[in-house]
Amino acid sequence: MADALKDMYNQAFLQEFAKKVHSAYQSFDEDSFVEKVMNDDWADLALKQRMRKITLTLGEHLPPSYSEALAILYAIEDTCIGFPYLFFPDFVEVYGHNSEHWEMSMLALERFTSRSSAEFAVRPFILHDPERMMGQMSVWADHPNEHVRRLSSEGCRPRLPWGQALAVFKRDPAPVLAILEKLKADPSLYVRKSVANNLNDIAKDHPAIVLETAARWKGSNPDTDWIVRHGCRTLIRQATPEVLALFGYAVSRDDDPIADHAVLIAEPYELMIGENCELRYEVHVRQGEPVHLRIEYGIDFVKAGGKHSRKLFLLSDKTVPGGSRLSAARTHRWADLTTRRHYPGEHRIVLLVNGKEVAETSLNLTTGN
């Protein structure tokens with residue numbers, strides 16, 4: 001996805017942006033700005049590298065005074081809205097990190113995040129002074145603007161995609177959880193999604209803490225319940241017994257399996273990368289009380305070095321009467337994605353009911369050569 005997004009920073013975009021800057025700052029050299037941004041290795045730069053080059057070149061063409069440069073960006077910010085303008089908060093990250101600029105930078109990030117997002121730009125500030133920056137995040141958590149409140153959560157996610165990892169919060173998520181406590185019943189879905197994703201990040205390093213938090217939050221508010229469910233998705237996929245019990249899933253035991261019979265079939269057995277297969281499954285549920293089931297299939301993908309990495313795909317999540325017979329089919333595409341490349345070899349495929357493998361099959365993936 002990043003490879004496609006980087007193309008939004010093209011000559012037409014840069015020329016249009018340069019005109020906007022010139023309208024607020026007559027000394028701005030539009031042609032020089034565009035030329036210097038796009039020279040040398042521009043075509044080879046990735047998305048964030050292009051964004052940073054725009055930031056640095058902009059800094060070379062604006063007044064050396066940080067406050068004066070910000071005033072120019074403020075003058076045009078209402079015409080610079082959306083994802084492409086992430087270099088506005090990036091400008092703050094690059095040129096406003098000195099302690100004497102703290103207040104100006106916090107105000108700038110607060111303003112710019114409403115028009116694009118400052119979730120990446122706040123992270124160096126956190127790494128430099130975690131206590132001071134998390135104090136600011138706590139203030140933002142009470143802000144009337146949902147974009148600013150979201151920033152208070154999204155900016156401190158320990159494992160934010162595309163962002164710098166925050167090792168300090170991987171070790172101790174307590175400061176982050178203090179922010180999430182303030183946002184756990186936020187009226188904005190935009191904010192709640194961030195809180196849930198943050199909770200899911202923490203679960204990867206501290207599952208027990210997230211389980212305790214989920215148990216404490218659950219049932220207090222419908223919006224909070226949504227956060228809890230979405231924030232525990234990794235733990236649910238891992239079939240942690242305590243989490244399954246928390247969300248009402250039946251727990252399978254060796255002496256009392258949920259499924260007393262299951263079948264998984266993949267056809268065709270052999271196919272080329274880029275083709276599709278059909279997966280058919282059947283599950284017979286044990287007799288007795290209704291049970292809440294999560295049915296998934298997992299593929300042990302062959303990796304470049306010959307090792308395997310499992311990816312799970314949800315088939316069904318519902319409550320069914322005891323003794324039910326469930327069957328369905330699913331088409332699986334074996335085309336390469338930006339997030340996953342396929343390699344030839346035999347791929348094991350398993351059917352899971354509430355985290356327990358109940359059936360398996362395999363297929364052979366080839367290059368067609």
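Only heavy atoms go into these numbers, but all of them, side chains included; no hydrogens, no water, no symmetry mates.
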Measure the spacing between CD1 of I349 and CD1 of I299 and express it to the nearest 0.5 Å.
5.0 Å

Does the side chain of K204 pick up a donor-acceptor pair with the side chain of T234 at under 3.5 Å?
no

Counting the benzene-type ring for Trp, do H61 and Y25 have ring centres under 6.0 Å apart?
no

Compute the centroid of each ring, for Y74 and then for F112, and state whether the two points are separated by less than 6.0 Å.
yes

K184 and D223 ion-paired at < 4.0 Å
no

E16 with K20: basic N within carboxylate O range, under 4.0 Å:
no

Just by modelled atom types, is the G219 backbone N or O under 3.5 Å from a matching donor or acceptor in the D225 side chain?
yes

Test question: given the 4.5 Å side-chain rule for I, L, V, M, F, W and Y, name all other residues clustered with I81, or answer none.
none

E68 side-chain N/O to S65 backbone N/O, donor-acceptor pair under 3.5 Å:
no

Cluster partners of L312, using ILVMFWY side-chain heavy atoms under 4.5 angstrom, listed by chain and number?
V350, L352

Which value, rounded to the nearest 0.5 Å, describes the distance between R111 atom CZ and N145 atom CG?
12.5 Å

Does atom NZ of K303 have more than 12 heavy-atom neighbours, drawn from other residues, nucleotides or ligands, at distances under 6.0 Å?
yes

Tell me yes or no: between the side chains of N364 and E270, is some donor less than 3.5 Å from an acceptor?
yes

Salt-bridge test for R149 and E154: reply yes if a basic N is under 4.0 Å from a carboxylate O, no otherwise.
no

Do R348 and E360 meet the salt-bridge criterion of a basic N to acidic O distance under 4.0 Å?
yes

Pair K193, H230 - check side chain to side chain contact (heavy atoms under 4.5 Å, CB included), show working.
CA-CA 8 Å; K193 285 182 178 180; H230 196 60; 5.8 Å; no

Donor-acceptor contact below 3.5 Å, side chain D41 vs main chain D44
no

H97 and S105 side chains, donor-acceptor separation under 3.5 Å:
no

Axial cation check for F87 ring with K48, 6.0 Å and 45° limits:
no

Output field: ring centroids Y85/F91 closer than 6.0 Å
no

Tell me whether D205 is salt-bridged to R171, with the criterion being a basic N under 4.0 Å from an acidic carboxylate O.
no

Would you kindly check if the NZ (Lys) or CZ (Arg) of R229 is within the cone defined by 45 degrees around the ring axis of F247 and under 6.0 Å from the six-membered ring centre?
yes

Taking NE2 in H128 as the centre, count heavy atoms belonging to other residues, nucleotides or ligands within less than 6.0 Å. Is the count above 12?
no

Quick one: side-chain hydrogen bond (donor to acceptor under 3.5 Å, both in side chains) pairs with a partner in residues 281-299, sequence neighbours left out?
D256-R286, E282-H284, H292-D317, R294-E296, R294-D317, Y297-H332

Are S117 and E119 close enough that a side-chain donor and a side-chain acceptor fall under 3.5 Å?
yes

To the nearest 0.5 Å, what is the distance between CD on Q136 and CG on L151?
9.0 Å

